[in-house]
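All of these numbers come straight from a predicted model, not from anything done at the bench. Chain naming here is simple, since letters A, B, ... match the order of the sequence lines and numbering starts at 1 in each.
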There are 2 protein chains.
Amino acid sequence: MPKPHQERTIFTGYLGARSLKTTRERLAILDEVFGHDGHFGADELYVKMLRKKIPVSRATVYRTLEHLVESGLVQKVYLSDHNQRKALYERAHGRHHHEHMHCLSCGEILEFSDDPLEERQAAVCRRLGFKPLRHSLRIEGICASCQAKS
Amino acid sequence: MPKPHQERTIFTGYLGARSLKTTRERLAILDEVFGHDGHFGADELYVKMLRKKIPVSRATVYRTLEHLVESGLVQKVYLSDHNQRKALYERAHGRHHHEHMHCLSCGEILEFSDDPLEERQAAVCRRLGFKPLRHSLRIEGICASCQAKS
DNA sequence: ATTAATGCAAATTGTTTGCACGGTC
DNA sequence: GACCGTGCAAACAATTTGCATTAAT
């Protein structure tokens, strides 16, 4: 029985505000998501919970992840190089905005952020009269440690 | 019978270099791709050719697009907002690198490029020792004309 | 009691693949 | 003639959905 955390309060608030129900399953998924860091796929999360014998269906995992994204607690990202068809999720609450670097050699996903870069993007948007709401930058290449190896 | 263009020379060269065959179907797909601008999905391309009564199968369209990407003539991008599962393609040969803005209101995809932005990305990579090979930036928001409407 | 959520399995979507036949080098 | 490519339909992977049942308010 995981102890209540801040995210749980936010999520129950989100649910209540829309007359959605705070179910055992939804809370279990929330706990699972906020119990670990890093990127994960919906199916991986489902399998992980299966193994832990936490009773939940694949459909509910998918449906709940949507709500978590909608509530702003979780972010959906598309990172994988070749199999771009699989969505990944990452915790968003309590974290600052960041971009991703993807090492094509080891597969590692690195996160970084850079204010001047953000500002330059904003400047371009101003120049074109485009109102930015969100953005994602993905840089693919070879990470430092893989370069060292070869 | 479309007249030979530069891309055709490049493509046949690419094929020959790998002992792949220059088939009627591959050339027809190449011509179709370079006969128009903008972004398109593999299936759309297939349907367009069907309507024009150009005999080609869906499988061949997919397989040929792979080769076009491999040859550098075409670029595969993931742009659609919600249905990120669908890949789009765009002409790459003879065009400069660019990023995309996606208007969430009208769906329009705008292209732009900005050297200082590119340079700033390069600088971040240098700082982290990451060797960039390619990148993609997608900014979602509301385009100028949609803002004017509301 | 009312209304929403779950689980299951079937349906969808975009894409890939195995295999017999046909075309290119 | 050797080998590669094509077309078809079946296979796939990730995700979504319809519906009868169960649970939260």
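- Distance OH (A/Tyr14) to P (C/dA5): 10 Å, rounded to an integer number of Å.
- A straight line from OH of A/Tyr78 to P of C/dG14 spans 13 Å, rounded to a whole angstrom.
- Under the 30°/60° scheme for interplanar angles, the aromatic rings of B/Tyr14 and B/Phe11 are found to lie parallel.
- Between A/Glu44 and A/Lys86 there is a salt bridge, since at least one side-chain N of the basic residue sits less than 4.0 Å from a carboxylate O of the acidic one.
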- For each nucleotide in nucleotides 17-25 of chain D, reading 5' to 3', give B when a protein heavy atom comes within less than 4.0 Å of its base, S when such contact involves only the sugar-phosphate, and - otherwise. BB----BBS
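- Between the side chains of A/His93 and A/Glu7, at least one donor-acceptor pair of N or O atoms lies under 3.5 Å.
- In this structure, A/Phe40 atom CZ and D/dA14 atom P are separated by 16 Å, rounded to whole Å.
- Taking atom NZ of residue A/Lys86 and atom C1' of nucleotide D/dT15, one finds them 12 Å apart after rounding to whole Å.
- With B/His97 as the fixed residue, the side-chain hydrogen bond (donor to acceptor under 3.5 Å, both in side chains) test singles out one of B/Gln75, B/His135, B/Glu111: B/His135.
- Atom CZ of A/Arg127 sits in a crowded spot, with more than 12 heavy atoms from other residues, nucleotides or ligands closer than 6.0 Å.
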- Take B/Leu30 and B/Leu73 through the test side chain to side chain contact (heavy atoms under 4.5 Å, CB included) and record every step on the way to the result. CA-CA 9 Å; B/Leu30 176 72; B/Leu73 286 169; 4.2 Å; yes
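- At a threshold of 4.0 Å, the pair A/Arg126-A/Glu119 counts as salt-bridged, since one of the basic side-chain nitrogens sits closer than that to a carboxylate oxygen.
- Regarding A/Leu45, its CG atom lies at a distance of 12 Å from the P atom of D/dT15, rounded to whole Å.
- For B/Tyr62, no side-chain nitrogen or oxygen approaches OP1 or OP2 of C/dT16 to under 4.0 Å.
- Atom-to-atom, CZ of A/Arg58 to C1' of C/dA10 comes out at 14 Å; the value is rounded to the nearest Å.
- Computed from coordinates, the A/Asp43 CG to D/dT16 P distance equals 12 Å when rounded to whole Å.
- Spacing between atom CE of A/Met49 and atom C1' of C/dG7 amounts to 14 Å, rounded to whole angstrom units.
- Side-chain N/O atoms of A/Arg85 and base N/O atoms of C/dG14 include a donor-acceptor pair closer than 3.5 Å.
- Between D/dG5 and B/Arg26, a contact under 4.0 Å exists linking OP1 or OP2 to a side-chain N or O.
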